[in-house]
Amino acid sequence: MNPILDLDFIDNRTPEQATAAASCDTQVSKDTNTGRSRKLYIESYGCAMNFSDSEIVSSIMFEQGFDTTADIAQADLVFLNTCSIREKAEQTVRNRLGQINHYKKKKPGMMVGILGCMAERLKKSLLEEEKIVDLVVGPDAYRDLPNLINEVDGGQKAVNVLLSREETYADINPIRLNSNGVSAFISIMRGCDNMCSFCVVPFTRGRERSRDAHSIVREAEALVAQGYKEVTLLGQNVDSYKWASEDGTENVNFAQLLEMVALLSPDLRVRFSTSHPKDITDEVLYTMKKYDNICKYIHLPAQSGNSRVLELMNRTYDRAWYINRVDAIRAILGEECGISSDMIAGFCTETEEEHQDTLSLMDYVQYDYSYMFFYSERPGTLAARKLEDDIPLEVKKRRLDEIINKQRETSLARNKRDIGKVHKVLVEGTSKKSEEQLSGRNDQNKVVIFDKKHYKKGDYVNVLVHDCSVGTLFGEAID
Ligand code: SAM
Ligand code: SF4
């Protein structure tokens, strides 16, 4: 079974919803058609952070005379913004390069670039392994793209994979590539200082750094002015956001940043992802409670329900600590607050009893949904260096199946609780299945489908829910 496809049970969400909580997905650039002389096609893999980075890259390339296109055959420049989180993610990109070769044969001048985590992990060797690739650019080197493109235009291959301790692209105004015009991502920080033993991110995205709080607020303000109704503040560990002005007179933590963005407009919904169980504070929870427009939904990846495994994973919390944080969420924000998780099945040395602890944690928390994977060893990580990947693949897959089945049960049970209640839904567009129906999300990030009537994209609509499936609520708009 494929862990990425295993997300299918929540797949009736829009791409924006599917990515809002750091899931796995693919996004393709859209046509901008502003009359620029060359065209960039950019395909992004992995997490919301990558999608957000592609919007920064498009903005940099726009300044260099590139419009974006949704049609790869039209492209002068093809970028794959890649993910390294699991082996499968890298394999997908390599297969895609094979397909892109066909386009390049028809259009020999087409340049092909690998951006993002795979570029950072494999560096120059990508040029040797994948002959079709002309440039390799890591996540902190996008400002150098104009120079690198010049090198390629001059017949060279080009590489820049330098990581930075400062780069946050704070001053770059992203071109919204896949936005529905209603919700947008804002990167508030980059990199990660945690060293979870399974994870390649600290190696591919470098040290954690927080972006200037005022530039974040300005970006949100500009989105409000353009009619956006929802922003998702993005970081690998938003709770450790910490920005200080150069003269040291201002210090902003995540709770304060949330408040600054929430205060922009009561009509702007504010979401965020990802929260780390070791860092999420009661101050953040109370700030969420204080503002109606901060969505009551927290993506709080547990990874495992067993303390020994969590220690091996170097997550720096144990089961009791995690439960304490969930109890705090319930005490401060109530039963209605949505909680989701990431879970890894079959981490090194995990026993059957320890796997059962993950299932029992899921029973305790009653997650609204989870992103679920089996462990995939990544070269260079602490686990790859120190631990044996000793759980047979079929055992990993069986445990993953059990986790998925448990999640389906709890998702359905949580959705059933929503029946008979009125939900405030932000409409994102027409439903995939019928032009006569609209699709949006409630506060808890759940998809709600209802008959269109006179409502339209961007409206807030009160919907009385009368039915549900594992991944969707169905209801009727009440005027
Ligand atoms: N920063 C987030 C956090 O700490 O929860 C997670 C970011 S990571 C991009 C997304 C998810 O991928 C992780 O939460 C984890 O469940 C999963 N993941 C990361 N490395 C993995 C690996 N080697 N094998 C399987 N899943 C992995
Ligand atoms: Fe990876 Fe852990 Fe950082 Fe998340 S917190 S990005 S899992 S190292």
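Counting convention: from 1, in listed order, for ligands and their atoms alike.
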Going by the 4.0 angstrom heavy-atom rule, the piece of Phe374 near ligand 1 is backbone

Practice item. State whether the number of non-hydrogen atoms from other residues, nucleotides or ligands found under 6.0 Å of Arg385 atom CZ is greater than 12. Key: yes

| Crowding at CD, Glu246 (>12 non-hydrogen neighbours, <6.0 Å) | no

Within 4.0 Å of some non-hydrogen atom of Pro301, the atoms of ligand 1 are 5 (O)

Heavy-atom proximity to atom 10 (C) of ligand 1 ranks first, among Asn194, Asp342, Val201, for Asp342

Problem - atom 3 (Fe) of ligand 2 reached by His276 (N, O or S, under 2.8 Å) - result: no

Can Lys278 and Arg315 be said to form a side chain to side chain contact (heavy atoms under 4.5 Å, CB included), step by step?
CA-CA 8 Å; Lys278 84 170 155 57; Arg315 288 289 287 181; over 6 Å; no

Of all protein heavy atoms, the one nearest atom 1 (Fe) of ligand 2 is Cys199 SG, 2.3 Å

Of all protein heavy atoms, the one nearest atom 5 (S) of ligand 2 is Asn194 ND2, 3.4 Å

Contact region, Arg86 to ligand 1, non-hydrogen atoms below 4.0 Å, reads side chain

Pro202 heavy atoms within 4.0 Å reach ligand 2 at atoms 8 (S)

If you count the non-hydrogen atoms of other residues, nucleotides and ligands that lie under 6.0 Å from CD in Gln356, is the total more than 12? yes

Checking side chain to side chain contact (heavy atoms under 4.5 Å, CB included) for the pair Thr82/Leu115: CA distance, chi angles, key distance, verdict? CA-CA 6 Å; Thr82 59; Leu115 314 182; 5.9 Å; no

The answer for which part of Ile85 has a heavy atom under 4.0 Å from ligand 1 is both

Exactly one candidate in Tyr367, Tyr371, Phe272 meets ring pair (Phe, Tyr, Trp, His ring centres under 6.0 Å) with His299; the answer is Tyr371

* To do: Would you please test Asn306 and Asp318 for side chain to side chain contact (heavy atoms under 4.5 Å, CB included) and show each step?
  => CA-CA 7 Å; Asn306 175 269; Asp318 61 9; over 6 Å; no

Of Leu312, Ile344, Asp357, Leu310, the one forming a side-chain contact (heavy atoms from CB on, under 4.5 Å) with Ser304 is Leu310

### N or O contact, Cys199 vs ligand 1, cut-off under 3.5 Å
no

Practice item. Output yes when the distance from some N or O of ligand 1 to some N or O of Ser376 is under 3.5 Å, and no in every other case. Key: yes

Quick note on ligand 1: atoms under 4.0 Å from a heavy atom of Arg315 include exactly 3 (C), 4 (O), 5 (O)

- Message: For Phe347 and Phe198, take the angle between the two ring planes, folded into 0 to 90°, and tell me which bin it lands in: parallel under 30, tilted 30 to 60, perpendicular over 60.
- Response: perpendicular

Quick note on ligand 1: atoms under 4.0 Å from a heavy atom of Thr274 include exactly 2 (C), 5 (O)

Item to complete: Evaluate whether atom CG of Asp282 has more than 12 neighbouring non-hydrogen atoms of other residues, nucleotides or ligands under 6.0 angstrom away.
Response: yes

A student comparing Arg378, Gln303, Lys88 should find that the heavy atom closest to atom 15 (C) of ligand 1 comes from Gln303

- Verify side chain to side chain contact (heavy atoms under 4.5 Å, CB included) between Gln303 and Tyr317, making sure each step is shown before the conclusion. CA-CA 11 Å; Gln303 314 295 358; Tyr317 55 85; 4.3 Å; yes

Out of Gln236, Lys278, Arg315, the nearest non-hydrogen contact to atom 6 (S) of ligand 2 is supplied by Gln236

Nearest non-hydrogen protein atom to atom 3 (Fe) of ligand 2, with distance, is Cys192 SG, 2.3 Å

Among non-hydrogen protein atoms, atom 2 (Fe) of ligand 2 lies closest to Cys196 SG, 2.3 Å

So the atoms of ligand 1 within less than 4.0 Å of a heavy atom of Phe373 turn out to be 12 (O), 16 (O), 17 (C), 26 (N)

